[in-house]
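As the structure is a prediction and not an experimental result, all values here were calculated from the model.
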Amino acid sequence: MVILREGICPGATAQLIKALKEQNVKTVVDLVSADIEDLAQRCSISYKTLVAVRRVLLAQYSPFPSNAADLYEELLGSTAILSTGNQSLDKLLDSGLYTGELTEFVGAPGSGKTQVCLSLAVNVVCALKQKVLYVDTTGGLSSARLLQLIQSQVDSLEEQSEALQRIEVVRVFEVYRLLEVLQDLRATSTCQVTGARGSVKALVLDSATAVLSPILGGQQMDGMSLMMQLARELKLLARELGISVIVTNCVVRDVGGGVKPALGCTWSYVPNIRILLRRGADAAGPGKRSATVLKSSRQPTRMSVEFDITPSGTLSSRAAAALPSAGDLGST
């Protein structure tokens with residue numbers, strides 16, 4: 001369910017989109033399934049124009065078959081592996097975050113989801129010199145914490161400033177605005193969303209639960225449809241733009257008294273990789289965390305590693321010995 005917007009294809013002008021929306025034609029499906037002749041009369045738009053736009057949209061959003069050899073060649077030429085900056089997590093992820101894939105970190109509050117996301121974003125901009133789009137849906141991102149992590153990796157003020165400029169933060173608190181941001185990024189295939197030159201190499205969504213939970217269940221009839229539209233946009237971004245998509249998710253209690261990822265069975269098919277984060281035992285220290293594979297095509301499920309959250313996040317710091325204890329860090 002792709003929302004119609006200006007520039008979605010050649011001929012999709014602001015005037016055309018406005019006229020269609022006035023007739024309650026808001027998505028590509030609405031336009032494709034409409035009676036074009038009747039719609040042209042109601043919108044006072046040229047029939048040829050609507051037919052041309054409809055034809056382009058059908059070509060753009062309809063699937064076409066490919067053979068396995070072509071897909072494999074495309075995979076070899078387009079896949080890159082982005083290090084998280086933590087050897088234990090890289091080992092768990094089979095060397096790091098793969099472009100073209102969606103990696104999900106799930107865990108309870110305080111398990112370290114946001115700290116892991118901030119740390120890997122900082123490693124991408126500092127060590128790999130690539131750009132990151134960080135979508136904050138909870139309001140929990142701290143610019144001071146972000147700067148602290150960057151300072152643990154680079155020394156000069158100039159390098160710190162450049163690293164900060166490679167991370168663009170977008171704050172959204174409802175699913176419709178989130179879809180607009182993602183569709184704009186995919187449509188332009190540039191950094192117009194980030195307002196900077198160069199392409200985004202990693203997209204962090206922290207968290208999916210915050211925008212999806214309010215629209216699921218109860219009287220929210222469109223909740224499941226919107227959730228799958230979000231899933232589609234994230235997967236298309238990863239595949240078409242060759243970026244690594246990282247999403248966080250919460251956990252809920254299952255019938256056996258344990259925990260399971262939130263958002264239900266339908267969402268479980270969305271991530272390519274799913275990692276469960278947990279706090280370590282109190283005796284192990286306040287910064288100790290464990291990460292366990294719940295889903296992966298490359299690593300065995302239930303494979304687990306331990307790592308520490310320090311003032312340098314999950315990153316290795318050259319000055320770690322001089323930094324204070326991590327006991328007072330708010331790791332969400």
Side-chain angles (χ1 to χ4, degrees), residues 81-98 101-124 126-128 140 142 145-146 148-153 202 204 206-207 209 244 246-254 256-262 268 271-332:
I81 303 175
L82 310 179
S83 172
T84 65
N86 183 283
Q87 290 184 353
S88 296
L89 290 177
D90 282 348
K91 178 182 178 181
L92 193 71
L93 294 167
D94 190 23
S95 300
L97 301 163
Y98 283 61
E101 292 188 354
L102 191 154
T103 303
E104 182 183 64
F105 292 98
V106 302
S111 59
K113 301 186 297 295
T114 295
Q115 295 300 319
V116 167
C117 287
L118 288 174
S119 299
L120 64 87
V122 167
N123 191 66
V124 170
C126 289
L128 307 180
S142 167
R145 178 64 172 145
L146 195 57
Q148 181 187 28
L149 295 178
I150 290 175
Q151 288 174 334
S152 73
Q153 301 304 302
V204 178
D206 184 21
S207 77
T209 324
S244 179
I246 303 97
V247 176
T248 67
N249 189 5
C250 293
V251 293
V252 294
R253 289 287 178 186
D254 62 19
V259 297
K260 62 180 180 179
S268 68
N272 302 96
I273 312 293
R274 178 172 257 181
I275 305 295
L276 174 64
L277 301 180
R278 285 194 177 107
R279 279 182 175 271
D282 292 339
K288 185 66 70 176
R289 299 291 188 273
S290 69
T292 304
V293 175
L294 297 183
K295 176 183 177 182
S296 174
S297 60
R298 291 184 293 272
Q299 299 286 56
T301 56
R302 298 300 168 184
M303 177 181 177
S304 184
V305 299
E306 292 187 344
F307 63 98
D308 293 301
I309 295 179
T310 72
S312 300
T314 63
L315 303 170
S316 300
S317 173
R318 296 161 298 169
L323 291 170
S325 170
D328 59 346
L329 288 177
S331 303
T332 58

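Summarising the geometry of D90 relative to S83, their closest heavy-atom pair is OD2-OG, 2.7 Å, with the distance given to 0.1 Å. Across every non-hydrogen atom of N86 and T314, the tightest pair is ND2-O, 2.8 Å. When every heavy atom of K260 is checked against every heavy atom of D254, the shortest pair comes out as CD-CB, 3.8 Å. Looking at every heavy atom in both residues, L82 comes nearest to S244 through CD1-CB, 3.9 Å. For the pair L93 and Y98, the tightest heavy-atom approach, listed with the atom from each and the gap, is O-CE1, 3.7 Å. Among all heavy-atom pairs drawn from V252 and P261, the shortest one is CG2-O, 4.2 Å.
At distances below 3.5 Å, not a single donor-acceptor pair connects side-chain atoms of N249 with backbone N or O atoms of T209. R145 places a side-chain N or O within 3.5 Å of a backbone atom of P311 that can act as its donor or acceptor partner.
The line from OG of S304 to CZ of R278 is 8.0 Å long, rounded to the nearest 0.5 Å. Taken from CG in L315 to CD1 in I309, the straight-line distance is 11.0 Å, to the nearest 0.5 Å. To the nearest 0.5 Å, the span separating OG on S119 from CG on L89 amounts to 9.0 Å. The distance from atom OG1 of T292 to atom CD1 of I275, rounded to the nearest 0.5 Å, is 8.0 Å.
Contact of the I150 side chain with the C126 side chain is registered, since non-hydrogen atoms from C-beta on lie closer than 4.5 Å. Here the side chains of V204 and F105 are not in contact, with every heavy-atom distance at 4.5 Å or above. The shortest distance between side-chain heavy atoms of N123 and T84 does not fall below 4.5 Å.
Under the 4.0 Å criterion applied to side-chain N and carboxylate O atoms, R289 and D308 are not assigned as salt-bridge partners.
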* Going through the checks in order, is the side chain to side chain contact (heavy atoms under 4.5 Å, CB included) test met by R298 and I273? -> CA-CA 9 Å; R298 291 184 293 272; I273 312 293; 3.8 Å; yes

* To do: Would you please test R274 and S268 for side chain to side chain contact (heavy atoms under 4.5 Å, CB included) and show each step?
  => CA-CA 9 Å; R274 178 172 257 181; S268 68; 3.5 Å; yes

* Asked: Should K91 and M303 be marked as a side chain to side chain contact (heavy atoms under 4.5 Å, CB included) after you check the CA-CA gap, both sets of side-chain angles, and the distance that decides it?
  -> CA-CA 10 Å; K91 178 182 178 181; M303 177 181 177; 4.2 Å; yes

* Asked: Between L92 and Q299, is a side chain to side chain contact (heavy atoms under 4.5 Å, CB included) present by the stated rule, with each step listed?
  -> CA-CA 7 Å; L92 193 71; Q299 299 286 56; 5.6 Å; no

